[in-house]
Asker: 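So that we are looking at the same thing, I have put the structure below in structure tokens.
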Amino acid sequence: NDGPDAVDATLKLRPDLVLLDIGLPRLSGYDVARIIRERGTHEGHPFLVAVTGWGQTDDRRRSQEAGFDAHLVKPVSEVALRALVASVGRRIHRREILA
């Protein structure tokens, strides 16, 4: 629903992948990403993906500085989303093999 809910849900549920809108009410997606990175306690942290209508170079830089791993511009293509999810799945699989 909003930024604080996103922080709470992520820290409680500990997902492997989070698709996070930048334009959230009460707390921006940038701030949510920073908080998740600061408070994250599980190995590998979640893979954070900014999902936004803003796709300029400066927007992508801000996402990276906030702690996002990827930046998708709306409307997100199904091909790009599938590739991203597959990439995260491979990363998780490698981590499990090494554990």
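Position 1 is the first residue of the sequence, and the numbers go up from there. Values below: every heavy atom of this structure, side chains too, minus hydrogens, waters and symmetry copies.
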Asker: Regarding Lys74 and Asp21, does a basic nitrogen lie under 4.0 Å from an acidic carboxylate oxygen?
Answerer: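 Judged by the 4.0 Å cut-off on N to carboxylate O distance, Lys74 and Asp21 do form a salt bridge.
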Asker: Is it true that Arg34 and Glu38 have a side-chain N and a carboxylate O under 4.0 angstrom from each other?
Answerer: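 Looking at Glu38 together with Arg34, the answer is no, because their closest N to O distance does not fall below 4.0 Å.
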Asker: A side-chain contact here means heavy atoms from C-beta on lying under 4.5 Å apart; do Leu84 and Phe47 qualify?
Answerer: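 Leu84 reaches Phe47 side chain to side chain.
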Asker: Contact between Leu27 and Ile35 at the side-chain level, heavy atoms closer than 4.5 Å - yes or no?
Answerer: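 The answer is yes; the side chains approach within 4.5 Å.
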Asker: What are the two closest non-hydrogen atoms of Asp16 and Val88, and how far apart are they?
Answerer: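 Closest pair (atom of Asp16, atom of Val88, distance): O-CG1, 4.2 Å.
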Asker: When clusters are formed by joining ILVMFWY residues with side-chain heavy atoms under 4.5 Å apart, either directly or through shared neighbours, do Val49 and Val73 land in the same one?
Answerer: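 The answer is no; the residues belong to distinct hydrophobic clusters.
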Asker: How long is the span from the CZ atom in Phe68 to the CZ atom in Arg62, to the nearest 0.5 Å?
Answerer: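 Answer rounded to 0.5 Å: 10.5 Å.
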Asker: I need the minimum non-hydrogen distance between Val32 and Ala6, along with the two atoms involved.
Answerer: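 Heavy atoms only, the tightest pair is CG1-CB, 4.0 Å.
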Asker: Hey, what do you get for NE2 (His45) to CZ (Arg14), rounding to the nearest 0.5 Å?
Answerer: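 Spacing of NE2 (His45) from CZ (Arg14) equals 11.0 Å.
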Asker: Within a 6.0 Å radius of atom CG on Asp8, are there more than 12 heavy atoms belonging to other residues, nucleotides or ligands?
Answerer: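 Above 12, so yes.
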Asker: Can you check whether Ser87 reaches Arg82 side chain to side chain, under 4.5 Å on heavy atoms?
Answerer: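 Ser87 does not reach Arg82 side chain to side chain.
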Asker: Looking only at non-hydrogen atoms, find the nearest pair between Pro15 and Pro46 and report the distance.
Answerer: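 Closest pair (atom of Pro15, atom of Pro46, distance): O-CB, 3.3 Å.
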Asker: Is Glu65 atom CD crowded by more than 12 heavy atoms from other residues, nucleotides or ligands, each under 6.0 Å away?
Answerer: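 Atom CD in Glu65 is crowded, with more than 12 foreign heavy atoms closer than 6.0 Å.
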Asker: Begin with the C-alpha distance, continue with both residues' side-chain angles, and end with the deciding distance and a verdict on salt bridge (charged side-chain N to carboxylate O under 4.0 Å, His left out) for Arg37 and Asp69.
Answerer: CA-CA 11 Å; Arg37 289 298 185 226; Asp69 299 295; 2.6 Å; yes
Asker: Donor-acceptor pair, distance only, cut-off 3.5 Å: does the side chain of His71 make one with the backbone of Trp54?
Answerer: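 Such a contact is found between His71 side chain and Trp54 backbone.
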Asker: Within the structure provided, determine whether Asp59 and Ile22 are in side-chain contact (heavy-atom separation under 4.5 Å).
Answerer: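 When only atoms from C-beta onward are counted, Ile22 and Asp59 do not touch, as no gap falls below 4.5 Å.
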Asker: In Å, rounded to the nearest 0.5 Å, how long is the span from OG of Ser28 to CG of Asp2?
Answerer: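 Separation between the atoms: 12.0 Å.
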Asker: Quick check for you: to the nearest 0.5 Å, what is the distance between Thr52 atom OG1 and Leu24 atom CG?
Answerer: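 So the OG1 of Thr52 and the CG of Leu24 are separated by 10.0 Å.
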